[in-house]
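Okay, structure first, notes after.
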Amino acid sequence: MSYPVLYLIFKLYSRLIEKLYTINVENTDIDIMNLKTRSSRNAWFLCYHIYSTSNQYSPKAVAQFELDLKYAVEKLDVEYVIIEDYFDKLVWGEYANVWSEETLKAFIKLIHDYGAKFLPYTNATELSITGQQYPKHGRDWGAKTSWGKIYAGYASIFYPSVYIFPEYEWYAKIMCAKSGWKDFLLDQIRQLHENYELDGLYLDRVDYRVPCYDHNKDPKHFEKALPGLVREMQKINKSVSQSNILIVNDSCMQPDYITEEIFGIADGILSELLLADMNPYGIDQKLAVRFVDLAWKFKWLVRTILTYLLPVLYHSKLMTNKQRMQNIIKRIRDASGDKDLWLFSHQKDKESIEFLTSNIESENTHLCFCSGVKRLRELH
């Protein structure tokens, strides 16, 4: 089949999905001002790049951020502000290399002026191939299959509704904590603490379970090394201040023995509601980490489909199933006890917030607001 025919098919498919999306989400503007939540000490998870992607100080970005921050603290009872992609050119893994030190420091000062706390995003296992470190060390640090291929991680094309800048697309590979990656990542954490006034850390992607045939004779050394890495991160975190906290993402998976150990190290858990539970031991995940890098080669096609398909799915009943949400909370509680728990959803509207609010079962359960590429104050 010729390229023009393929293109026409996918354009028609995209139009169909777009219409479905319009039907599903119309009239979903939310009035958070009048939404009474039962939770306190909430969190706000935000994308830095919606305010600025400049390497220079941006007073406009700071002013826009302050408007959202004021709204978050005063109207939504937000105590923790988690900032993602503050790192230059969206290079996951290189956290000490930020877009603009001045702008980020201005954000942090505002957070503290408003009485809130700042947690930077960090990731235990992924390193973008588009940065400075991967070409130098990726081959040495990467977790490898039995035939020497580095496992594939996440890519911006799988989340097109948030990462909308093609010039900063990123694709990550999975790094092994039994390699030099551990020392590099811990050094990044130290630099963040030295250069910025952090109130803790937010940690993502402790969910990969891959046999690594490098760095150690035991193929399970990859997963067994993760708790040790998290423990060292927490040690640095607490050495700066005992009041600093570590929040770990549950990746919407059934906790296994590795997860339970990591939850024991963390101060709190963020429950990220996905379209389906992630099973790192499932055949789909095993295939994904080995071959999903093929999607990067066909990203024009994948992005065309997902740009319209994901919003439709995120506004489906998959995201507001009460029994499922209660089961998720129970399994996290079983694994972590009564530690603080933040509920997070990729459906960003009134229905979702009311749904999450209805599942708050204790004073240790909170909401985590996320507005994607919109300003937080625009969600009303």
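Numbering starts at 1 and runs along the sequence shown.
Around the NZ atom of K317, the shell of radius 6.0 Å holds no more than 12 heavy atoms that belong to other residues, nucleotides or ligands. Taking a 6.0 Å sphere around CD of Q191, one finds it holds more than 12 heavy atoms contributed by other residues, nucleotides or ligands. Within 6.0 Å of the CZ atom in F298, the count of heavy atoms belonging to other residues, nucleotides or ligands does not exceed 12.
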Salt bridge (charged side-chain N to carboxylate O under 4.0 Å, His left out) for D277 and R331? Distances and angles first, verdict last. CA-CA 12 Å; D277 283 2; R331 73 192 186 197; 2.6 Å; yes
Determine, step by step, whether F45 and F344 satisfy the ring-ring contact (aromatic ring centres under 6.0 Å, His included) criterion, reporting the C-alpha distance in whole Å, the side-chain angles of both residues, the deciding distance to 0.1 Å, and the verdict. CA-CA 9 Å; F45 187 103; F344 172 103; 5.6 Å; yes
Dump the intermediate steps for salt bridge (charged side-chain N to carboxylate O under 4.0 Å, His left out) on K286 and D284, then the final yes or no. CA-CA 5 Å; K286 289 180 179 180; D284 55 337; over 6 Å; no
Carefully, step by step, assess K182 and E232 under the rule salt bridge (charged side-chain N to carboxylate O under 4.0 Å, His left out). CA-CA 9 Å; K182 177 181 179 180; E232 289 296 315; 5.3 Å; no
From CA spacing to verdict: salt bridge (charged side-chain N to carboxylate O under 4.0 Å, His left out), R139, D214: CA-CA 10 Å; R139 189 71 222 163; D214 196 359; over 6 Å; no
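Both I332 and L367 belong to a common hydrophobic cluster when Ile, Leu, Val, Met, Phe, Trp and Tyr are linked at side-chain heavy-atom distances under 4.5 angstrom. If you chain together hydrophobic residues whose side chains sit under 4.5 Å apart, W300 and V302 fall into the same group. Under the 4.5 Å side-chain heavy-atom criterion for ILVMFWY residues, a single connected hydrophobic cluster contains both V373 and Y121. Tracing side-chain contacts under 4.5 Å through hydrophobic residues (I, L, V, M, F, W, Y), one never reaches L310 starting from L274; they form parts of separate clusters.
In summary, the aromatic rings of Y154 and W92 are positioned with their centroids too far apart to meet the 6.0 Å limit. Remark: aromatic rings of Y163 and W170 are close, center separation under 6.0 Å. Centroid-to-centroid, the aromatic rings of F165 and H49 come within less than 6.0 Å. For Y168 and W99, the ring centers sit closer than 6.0 Å to each other. Side-chain rings of Y86 and F107 stay apart, their centers remaining 6.0 Å or farther from each other. Between H215 and Y213, the ring centre distance reaches or exceeds 6.0 Å.
Looking at every heavy atom in both residues, L127 comes nearest to G93 through CD1-CA, 4.0 Å. The minimum heavy-atom distance linking D207 with P280 is given by the pair O-CB, 3.4 Å.
In summary, of the residues considered (T365, D77, D340), a side chain to side chain donor-acceptor pair (under 3.5 Å) with R41 occurs for D340 alone. Checking each of N249, I83, I245 against Y202 for a side-chain contact (heavy atoms from CB on, under 4.5 Å) leaves exactly one that passes, namely N249. Under the ring pair (Phe, Tyr, Trp, His ring centres under 6.0 Å) test applied with F65, the options W44, Y114, Y48, Y71 reduce to a single match, W44. A side-chain contact (heavy atoms from CB on, under 4.5 Å) with R190 is found for one member of V240, N195, I236 and no other, namely I236.
In this structure, the side chain of N364 engages the main chain of D338 through a donor-acceptor pair within 3.5 Å. Put simply, the side chain of Q234 gets close to the backbone of I265: a donor and an acceptor are under 3.5 Å apart. Listed for the Q285 side chain is no donor-acceptor partner under 3.5 Å among the backbone atoms of M278.
Classification of the Y314-Y159 ring pair by plane angle, with boundaries at 30° and 60°, yields tilted.
E363 is linked by a side-chain contact (heavy atoms from CB on, under 4.5 Å) to nothing, counting only residues two or more places apart in sequence or in another chain.
Note: L341 CG to S362 OG = 7.5 Å, rounded to the nearest 0.5 Å.
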